[in-house]
Amino acid sequence: MAGPVVTPRHPASSKRSALSLPLVALLTLLVSACGAAGALGPDNPAHPSRVQGNGAGRMALPPGRTTLPASPRISALPPDPPLNAAEKESKDLGLVPPGQTITLTLTLKQRGTAQLDALLARGERLTPSQWAGKYGPSSTATARARATLARAGITSQWSPGEVSMAVSAGAARIERFFGIPVHEFLMPDGTRFYGPLRPFVAPPAIAHEVVAITGGDDYRDYMTAAIEGPDGVTPAQMTSFYDMTPLRNSGVNGNGVTVMFPEWAVPTSDVLAAYAQKFNLPAFNVSVVTKPSAWGAPATPGSQQYADVAGEAALDLEVVHGLAPGAKEVVYEAGNPSDLLNMLEAMVTAHPGAILSSSIFVVSCEQDQDAKQVAMASDSVFAQAASEGTSVFWAAGDRGAFACLPDGNSSTEETVSVSPMGASPHVTSVGGTTVFLASNGAYYKESAWGEPIEQWGGGGGFSTIFQRPSWQVGPGTSGITGRGVPDVAANADIESGWDIFSPPQSGQNGPQEGPVGGTSAATPCWAAIAALIDQYLHQQNLKSIGFADPALYLFSTNPKGLPAVPFHQITEGSNLHYPATAGWNPATGLGSPDVGHLADDFVWYDRAHAGSPS
Amino acid sequence: MSNPNFPNFPTGAAGSPWTSGPSASPAPAPGWPVPSGQHGPGQPGAPLPPAPPGTAGFCTHCGTPFATTSGPFCRKCGNRVRTQAPVATNYTYPTMPASWVPAAHRKLGHVGFIFAAVGALAVIVVAISAAAVANKPTTSYCHFFCGPQVGSRLLGQTAYDNSKFGYRVEYESPPFSVGGQNASGVLLAANQSNFILITAESGGDVAGAIKTALSDLSSNEFQDMQEVSSVVPGAEIGFIPGSGVVYNASLVPAGGGEAQTVVIVCMAASNGNMTLTALAVAPQDLSSVSQLPFGFANATLFDFEVSNTIWPGQS
């Protein structure tokens with residue numbers, strides 16, 4: 001995109017305002033000042049809080065601050081490119097040893113997907129056994145595929161009802177059966193990893209039973225969606241802002257509800273304790289589930305990426321605890337991104353009816369090489385979760401409508417795209433807003449989160465992998481064909497970021513307090529809201545929210561009898577491409593919540609769908 | 001199909017007894033002219049006489065009563081009234097007495113018609129309002145407090161107000177402070193290579209404003225300017241969509257010193273008869289993907305000023 005040298009680029013414009021000339025002079029002075037031995041003046045603590053333009057063209061040197069606060073950052077740095085890009089940038093060391101065990105995950109074809117979606121659209125649910133018996137992968141077909149794999153010397157693990165099947169064997173057997181070589185690579189920074197030269201595809205012998213293949217590498221490209229900045233809002237402010245106060249005042253705090261998070265690491269207890277102490281909250285109630293043999297060893301304190309990925313977990317845990325301090329929090333830790341989907345299935349299976357909140361990714365955008373495989377595999381897990389009444393909230397991403405930007409690939413960075421895992425029609429996709437508080441601490445307004453200079457903003461757009469689900473209806477949805485995301489939004493802008501305690505970065509000691517933004521913050525906010533409402537529903541012997549989208553879109557149509565309008569419509573700003581408009585839009589979805597209203601609406605919805613298992 | 005209230009009248013488009021005939025075309029409203037050769041019910045000159053003794057029925061076309069001794073055709077309009085022998089049935093249709101007809105068959109006076117129309121309109125409005133009130137969300141159904149608790153905007157602690165154009169720029173201090181100002185705008189600077197210049201001008205020439213802002217940069221200090229991007233996705237000022245461009249340049253201190261590569265993002269937006277321009281300068285930082293695509297260091301600090309610019313009349 002570089003252009004010719006343009007010095008001086010533009011001749012003086014005849015339209016130039018004469019009044020601008022003093023500012024030109026000011027700029028000259030400003031630039032001149034930097035030549036004078038760091039010659040900016042001392043700080044000016046008496047800087048006036050209001051400056052009135054007096055039209056006099058008064059000029060002054062800026063008060064001299066020679067440093068700025070640390071740059072906002074994404075948690076998951078350094079910038080790891082996607083697997084295929086990393087392989088190109090690395091030295092190819094050749095085939096991995098033939099006996100080295102390679103593990104893949106095969107996502108199996110489900111049955112009756114159309115009927116299942118119709119069931120979900122009606123707000124109905126299944127028990128795990130109902131799911132396994134009618135909609136999960138066929139036992140007969142899976143047995144046939146397993147026999148084929150066994151004849152090739154490949155072992156497999158599968159139980160009825162599971163949507164994925166782990167297969168493993170020595171590298172030579174994997175390469176022979178799938179026809180894809182697995183090589184070892186050396187990155188410029190000295191990191192070694194192995195991975196397939198091309199994406200795995202199912203050979204004809206099992207192709208009929210398999211919809212996606214993931215794994216087969218140990219490359220770690222941690223992706224999260226948290227950013228850090230210089231200010232922050234408190235849990236109390238957000239409780240008031242999103243109208244959670246009535247629920248909290250009635251004693252509802254998320255008690256009896258489980259919120260689970262897939263993470264790459266967990267923060268140390270002192271970080272969480274500092275947060276609880278600062279905001280006068282009860283102690284955290286966190287369980288951690290690890291299975292290094294299956295999901296990889298998570299990052300540990302002291303490792304290169306620990307602070308970043310544990311910071312993401314701290315954000316998730318603290319946002320939920322700050323808003324729903326009674327909720328039980330369960331962290332599942334994965335160390336290997338290629339095993340994330342296996343871990344997600346384990347989470348869904350172990351906690352049917354719970355709430356799952358995630359802000360981590362395996363691939364950035366639908367243009368990535370493995371995007372479709374990951375999308376199909378994760379959607380299978382999410383469909384099972386939805387059918388069993390599990391609420392899944394997934395971050396829409398932080399690069400506005402340009403989800404490929406984190407890949408650092410110039411060929412796709414200007415492409416409008418969405419994050420494939422968050423685009424699953426069976427999750428509630430969460431986008432971002434900028435919050436403007438009222439002077440009394442209540443709601444003033446929100447805009448779509450979009451920062452044009454930084455090029456960050458709430459993810460959103462249209463999937464090219466998934467079709468629009470039947471329940472995505474209502475104002476603003478007519479004419480769309482691909483799955484539109486996000487579904488909802490909440491505070492994500494670093495400018496109005498959440499006050500969070502994070503693990504120390506290198507060179508720091510102890511928990512670090514500061515504001516954090518990103519849809520990584522908006523997503524646990526929605527999970528906490530779901531926890532509060534679930535408890536409120538349980539108190540009335542009603543079923544939990546479960547898969548929220550069919551109800552949320554129904555609410556957006558303002559049906560007869562709906563107790564109250566549950567969304568703040570956001571009509572200002574954009575996500576760098578799509579403007580926020582009335583009704584559903586790809587910048588902020590249906591909007592942000594008025595939780596008091598939303599709780600009443602779910603009571604109304606549940607009573608209209610009474611009789612389904614909870 | 002037949003109208004259950006008037007079995008001898010085919011149901012029209014609106015089920016109205018005023019429609020008749022196989023085509024069920026709407027009959028003219030009372031008082032409207034009828035095409036020549038037709039006589040609608042209640043038309044001037046076509047009043048129906050009271051049913052005389054010995055009346056066997058009414059012509060289905062014009063409503064004229066006919067007697068048992070009448071021929072097969074209506075004496076008034078010539079419509080065939082007896083094409084079939086009477087069908088034996090145990091059910092007898094109620095005879096339509098003349099007294100039922102007047103509302104339709106009498107001519108309404110203009111004043112009466114207006115009153116009737118106004119009355120009908122009032123009934124419709126009341127009915128729709130009642131339905132809306134009954135069906136829309138109301139506080140009476142809301143368990144929790146129902147009115148959104150909305151307050152006035154919490155304004156930033158540091159702000160620049162432009163008296164000539166009436167706009168306001170909230171800014172973060174520190175690191176920014178006012179480096180200078182004139183009637184059109186303000187320079188907010190953190191240091192010599194981190195600053196944002198916000199200016200206003202009359203009119204709506206966004207492209208011209210960007211061009212002007214860039215050309216105002218001293219070519220002695222901003223050398224080797226090269227376009228990084230001809231567009232700034234999401235360009236806006238104070239949530240008014242606009243346009244933008246991105247350049248990089250070598251910033252050479254006028255008083256001497258080491259040159260530094262900086263990124264220049266210039267955006268403008270027009271609202272009403274006024275255009276605001278924001279020109280931001282910061283060192284180039286391409287150290288991580290989080291700085292992509294422009295490599296503008298500390299960008300979020302500058303975005304704060306852009307999104308917290310408040311136009312005249314805006315809240």
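Owing to the predicted nature of the structure, the values given are computational and were not obtained by experimental measurement. Lettering follows sequence order; numbering is per chain, from 1.
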Minimal non-hydrogen separation, B:F239 against A:E572, with atom names: CD1-OE1, 3.7 Å
Listed partners of B:E305 passing side-chain hydrogen bond (donor to acceptor under 3.5 Å, both in side chains), at least two apart: none
Modelled atom types, side-chain donor and acceptor of B:E236 and A:S574, under 3.5 Å: no
Reported CG-to-OG distance for the pair B:N308 and A:S447, which is rounded to 0.5 angstrom: 9.0 Å
Validation row: A:Q455, B:P233 side chains within 4.5 angstrom (heavy atoms): yes
Atom pair OG/CH2 of B:S307 and A:W449 - distance to nearest 0.5 Å: 12.5 Å
Greatest number of heavy atom pairs closer than 4.5 Å to chain B - which of A:G450, A:A448, A:P452: A:P452
Set of side-chain hydrogen bond (donor to acceptor under 3.5 Å, both in side chains) partners for A:T434, sequence neighbours left out: A:D493
Engaged part of A:F402 at the chain B interface, taking heavy atoms whose separation is under 4.5 Å: side chain
Any donor-acceptor N/O pair, A:E451 side chain to B:D303 backbone, under 3.5 Å: no
Note, A:E414 side chain near B:V231 side chain (heavy atom, < 4.5 Å): no
Non-hydrogen atoms of B:F294 and A:I453 that approach each other most closely: CD1-O, 3.5 Å
Spatial distance of atom CG (B:L292) from atom CZ (A:R399) [nearest 0.5 Å]: 6.0 Å
Rounded distance (nearest 0.5 Å) linking atom CD1 of A:I494 with atom CG of B:L301: 10.0 Å
